[in-house]
There are 2 protein chains.
Amino acid sequence: MTNLTLKQFRYFEALARHGHFGRAAEASAISQPALSMQIKELEESLGTPLFERGARQVRLTAFGEGFAIRVREILRSVEELEDLARASRDRLTGRLRLGVIPTIAPYLLPALIGNLTRINADLDIHIRETVTPKLLTELHEGRLDTAIVALPVSEPALTEVALFSESFVLVRPDSDAGKPVPSPERLREMRLLLLEEGHCFRDQALSFCNLQSTLPRELLDGSSLSTLVQMVGAGIGVTLIPEMAVAVETRSADVAVSHFPEPQPQRTIGMIWRNSSPLAQQLTQIAGVVRQTAEVLSKRIAPV
Amino acid sequence: MTNLTLKQFRYFEALARHGHFGRAAEASAISQPALSMQIKELEESLGTPLFERGARQVRLTAFGEGFAIRVREILRSVEELEDLARASRDRLTGRLRLGVIPTIAPYLLPALIGNLTRINADLDIHIRETVTPKLLTELHEGRLDTAIVALPVSEPALTEVALFSESFVLVRPDSDAGKPVPSPERLREMRLLLLEEGHCFRDQALSFCNLQSTLPRELLDGSSLSTLVQMVGAGIGVTLIPEMAVAVETRSADVAVSHFPEPQPQRTIGMIWRNSSPLAQQLTQIAGVVRQTAEVLSKRIAPV
DNA sequence: CATCCCGATAAGCTGAAGTTATGACAAACC
DNA sequence: GGTTTGTCATAACTTCAGCTTATCGGGATG
């Protein structure tokens, strides 16, 4: 049935070009009978002759001419395919689907995207910003290539690499600026504003205070760190935010930022991907870029 | 090297579609290991993975997706090629380059082209009208597919098929209408107008009168039968024309047309093509159409 | 922990595609 | 006009790519 082969196409093209079996065979690095047989077979499976064998020259038939045009197109497409593969072999492929948790995304991404596209201009970055459980699902389903989340996730099918650690800092109303930094136990008694259910940062903050998320508490759930800080500025309570958010979130609010004494509360941020991902190598490379980006950011924040 | 094969493309496409080695193999009518190996080989020769083998499903990589789009395009092109071959296998191919001698062309072609395109609408007919020697050269050089000429041509590399015979008739000024038809010998003594050197019809007419073309004679060479008849109408001399030309050429001239007594002078018109032409079968078929066309024309002429 | 699913690997077989040698035929050349 | 030459087709043989069946191994599932 459909037993046309690219090999036949390549031989055909050579013969069409040279108009001579011997020379076409030489150009194709095979013997003349081998070429004759392949051409014959091609003609037979098409059911129509492609060449007219004259005494002293080989000519394309009218059909052969049209055939040649299309065959050349196909061969060209195949070559393009090879080029494409060669191009994307070493460099990153065109599309990178990156998931990021909301407590990282707004602070890390602007710089990160800049750095990534600087390294590889034709990298097409798709960002998905949502909470860790959703990221994990989408990662498993192949709708994401990788994600930046708080470690550990402890999923056997996923590879984790640590990127950096970040401390949590206390955000209080400006009026509390001079007061001593409360201990975790004291925090429990203050009005602590937290992110709504689902955010890992909520759990991390609660765990620092030795609180259970399920405990019936009178706390106000915000949907973003930005909201929380604004509420603190309004004197409604206090909150914790990751160090990386300080520069952005406290710029437009009357709040005081205080570090906790050692051991500071902190979390580890890492990158994860499927064990089976063929992008592993490139993702490791990307992890390096993320690490660098975060480092530069933290230095810029440190003086604050 | 460039060892991609259409087979690999077809397997790849099946796997991309099914996302499952076993089912894709079944769909491709091969065993699962055979498919695994071909895919593996394809990935290796591309140097980049196409699929991510997950625990419970096989997914295209980002590169694989782009690859799939192009592969499908290529496979579609190949299928089109097969369709094209199938379509042109039985019917005539798109282009027919037909040579015709000038003493036939204007009388036969209008009806012939109509008949040919009626049979095969998408037949692209190219006409070349010139004298036999030029037609032969172009035929040998592959610039014509076939030619309609007077037989015999006696070229070993060419196939001839007879189409029809046509008689020559005498054209005299209207004033000579009643006079007896002169014998060939008498013709020699009259002022005989002939086509210029190179036309076979000139030689055929001369041979009827037992004259040598090279003889120094006081005859006037016309470049077309139309010219000759007009000159006869002006009383300059007499001429011979093929029967087929009568209807067209004597319509607008004051001339008398007379048949010779048996044995009438006549010539055989036939079709020729290269022995090696792969169009032989179709050309034979076309010869049939020409034969029919000429028959209808001669019947229409007979009553004149 | 046992089982199942599914793809990879192993080992062997077959036929397609290549090789060299030769045939056939037409053109070109003494 | 026979001989040589150029050229493609055919024949006989060889090799390796591609297929088969059998089996392994690893991750998901109950």
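Sequence lines set the chain letters: A, B, ... in the order given, protein chains first and strands last, and positions in each chain run from 1. Just so it is clear, the values below take in all heavy atoms, side chains as well, and ignore hydrogens, waters and symmetry mates.
For A/Q8, the side chain to side chain contact (heavy atoms under 4.5 Å, CB included) partners at least two apart in sequence or on another chain are A/L4, A/T5, A/Q38, A/E41, A/L42. Residues passing the side chain to side chain contact (heavy atoms under 4.5 Å, CB included) test with A/T137 are A/E141, sequence neighbours excluded. The side chain to side chain donor-acceptor pair (under 3.5 Å) test applied to B/R59 returns no partner, not counting sequence neighbours. When the ring-ring contact (aromatic ring centres under 6.0 Å, His included) test is applied to B/F201, the partners found at least two apart in sequence or on another chain are B/F168. Every residue meeting the salt bridge (Lys or Arg N to Asp or Glu O under 4.0 Å) condition with A/R72, not counting sequence neighbours, appears here in chain and number order: A/E13. Qualifying side chain to side chain donor-acceptor pair (under 3.5 Å) partners for B/T159, counting only residues two or more places apart in sequence or in other chains: B/N275. Listed by chain and residue number, B/F21, B/Q32 satisfy the side chain to side chain contact (heavy atoms under 4.5 Å, CB included) test with B/S36 (two or more places apart in sequence, or in another chain). Here B/R128 pairs with B/E138 under the side chain to side chain donor-acceptor pair (under 3.5 Å) rule; sequence neighbours left out.
For B/E160 (side chain) and B/V153 (main-chain N/O), a donor-acceptor pair under 3.5 Å exists by modelled atom type. When atom types are taken as modelled, the side chain of A/H199 and the backbone of A/L195 share no donor-acceptor pair closer than 3.5 angstrom. Side-chain atoms of B/T61 do not come within 3.5 Å of backbone N or O of B/E52 as any donor-acceptor pair.
Inspection of the B/T103 and B/R267 side chains reveals an N or O donor paired with an N or O acceptor under 3.5 Å.
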- Note on the structure: Protein heavy-atom contacts under 4.0 Å, written 5' to 3' over nucleotides 14-21 of chain D as B (base), S (sugar-phosphate only) or - (none), form the string ----SBBB

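Using a cut-off of 4.0 Å between Lys/Arg side-chain N and Asp/Glu carboxylate O, A/R202 and A/E197 are scored as salt-bridged.
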Produce the list of close N/O pairs, under 3.5 Å, pairing protein atoms with atoms of nucleotides 28-30 of chain D; give distances to one decimal.
none

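Note on A/K40: a side-chain N or O is less than 4.0 Å away from OP1 or OP2 of D/dT10. At the phosphate of D/dT7, neither OP1 nor OP2 sits under 4.0 Å from any side-chain N or O atom of A/R53. Contact check, A/S36 against D/dA9: a side-chain N or O comes under 4.0 Å of OP1 or OP2.
A heavy-atom distance below 4.0 Å to DNA chain C is reached by none of the residues of residues 21-28 of chain A.
On the nucleic acid side, DNA chain C contacts chain A at distances under 4.0 Å to non-hydrogen atoms, with the end points of that region at C/dA17 to C/dA28.
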